[in-house]
Amino acid sequence: LLVAALAIIAAWLVWNYYTQSPWTRDGKVRAEQVSITPQVSGSILQLNVRDNQLVKAGDVLFRIDDTPYRIAALNAEAQLAKAKAEMAKAQAEQTKAASDARRRRRLSPEAISAEDLESVNTALNSATTTLAAAKAVVGVAQASLEHAQWQLDQTAVKSPVDGWVTNLTTRVGDYASAGHPVFALVDSNSFYVIGYFEETKLRHIRAGDP
């Protein structure tokens, strides 16, 4: 009787495990892939990784030929310097025009004609407009320099996440195009498991269950 009772209990436990308990053989481990896409185009001069290598966020994966971007940055610096010189010249002219206008406005109507007074006011307005335009040109030149420096920085392509290099077929000398992925990383912090359970067993699953 004891053996029979134990057999019945064992059979019930096995039946309950296979028919009621939430378990599955249908599960998959997944992870997120991050595409490594350069922001600028050019020939790859240096490749610092190999396929399946583990890299850390911030590591330089490869470098693009920065020659045209260094030239562009130097040109932008020159344009900014020129624009600042023009602005300084416009500032000096505006200061002189303002001084002339103030001096003539102090004169009595008998000492200066209305035509001369109008001329100095017109000259001041023109100088002020020229100065405003020069300041705008400086702003444009500054923005162009910042963009050129940003492009130069982008020639060093860095890893955005910790992960493993995958699908690496790139070689030194290959041409990398802006906006087109060169290879991918498997994000090491993104692994998760998907399990497919029978609908009749879902009622037994609770948050936090192993």
Side-chain angles (χ1 to χ4, degrees), residues 34-49 55-162 170-185:
V34 179
S35 296
I36 302 303
T37 305
Q39 300 298 310
V40 295
S41 299
S43 298
I44 296 177
L45 293 185
Q46 181 181 352
L47 185 63
N48 300 330
V49 295
V55 297
K56 299 295 183 182
D59 288 351
V60 177
L61 304 176
F62 60 91
R63 294 183 184 276
I64 293 173
D65 184 6
D66 66 355
T67 302
Y69 301 104
R70 284 190 290 103
I71 294 173
L74 291 173
N75 182 62
E77 288 178 358
Q79 293 298 323
L80 178 59
K82 180 181 178 182
K84 285 183 176 180
E86 293 293 333
M87 184 180 71
K89 179 181 177 182
Q91 180 70 67
E93 292 177 351
Q94 195 272 345
T95 300
K96 181 178 181 300
S99 177
D100 290 344
R102 284 194 303 271
R103 186 170 61 253
R104 290 210 163 84
R105 286 169 185 167
R106 295 193 192 102
L107 298 175
S108 65
E110 291 79 13
I112 184 172
S113 66
E115 183 177 355
D116 288 343
L117 187 59
E118 183 179 354
S119 294
V120 296
N121 288 333
T122 300
L124 176 59
N125 291 335
S126 177
T128 301
T129 301
T130 301
L131 176 59
K135 289 180 178 179
V137 172
V138 169
V140 171
Q142 181 67 50
S144 296
L145 175 58
E146 290 177 2
H147 183 256
Q149 290 174 334
W150 175 82
Q151 286 188 314
L152 181 60
D153 291 341
Q154 296 305 308
T155 58
V157 180
K158 299 179 181 180
S159 175
V161 297
D162 298 343
T170 303
R171 295 293 180 268
V172 172
D174 287 352
Y175 190 84
S177 297
H180 294 276
V182 176
F183 55 87
L185 293 179

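The structure displayed is predicted, hence computed values, not measured ones.
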Apply side-chain contact (heavy atoms from CB on, under 4.5 Å) to R63 and I44, showing your working. CA-CA 6 Å; R63 294 183 184 276; I44 296 177; over 6 Å; no
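- Taking both residues in full, the closest heavy atoms of L145 and A73 are given as CD1-O, 3.6 Å, listed atom of the first, atom of the second, then distance.
- In this structure, K84 NZ and Q79 CD are separated by 13.5 Å, a value rounded to the nearest 0.5 Å.
- To the nearest 0.5 Å, atoms CG (L45) and CG (D174) are separated by 11.5 Å.
- Residue Q94 holds its CD atom at 10.0 Å from CG of N125, rounded to the nearest 0.5 Å.
- Taking all atoms of both residues into account, the shortest heavy-atom contact from A156 to V60 is CB-CG1, 4.4 Å.
- Atom CG of N48 is separated from atom NZ of K158 by 12.0 Å, given to the nearest 0.5 angstrom.
- Proximity of S144 to N75: side-chain heavy atoms (C-beta onward) are nowhere separated by under 4.5 Å.
- Side-chain contact check for L152 versus R70: some heavy-atom pair is nearer than 4.5 Å.
- We find the OG-CD distance between S41 and Q151 to be 9.5 Å, quoted to the nearest 0.5 Å.
- Here the shortest heavy-atom pairing between L131 and M87 reads CD1-O, 3.8 Å.
- For the residue pair V138 and A83, the shortest heavy atom distance occurs at CG2-O, 3.4 Å.
- The side chain to side chain contact (heavy atoms under 4.5 Å, CB included) test with V55 singles out one residue from V161, V49, I36, and that residue is V49.
- Nearest heavy-atom pair across A76 and A148 is CB-CB, 4.2 Å.
- Nearest heavy atom pair, residue A57 against residue D162, reads N-OD1, 2.7 Å.
- In this structure, T95 contributes its side chain and Q91 its backbone to a donor-acceptor pair below 3.5 Å.
- With a 4.5 Å cut-off on side-chain heavy atoms, F62 and T170 do not count as touching.
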Steps toward side-chain contact (heavy atoms from CB on, under 4.5 Å) verdict (Q154, Y69): CA-CA 10 Å; Q154 296 305 308; Y69 301 104; over 6 Å; no
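- Of the inter-residue distances, the one linking E146 atom CD with Q142 atom CD reads 4.5 Å to the nearest 0.5 angstrom.
- Partner of T155 under the side chain to side chain contact (heavy atoms under 4.5 Å, CB included) criterion, out of I64, T67, D65: I64 alone.
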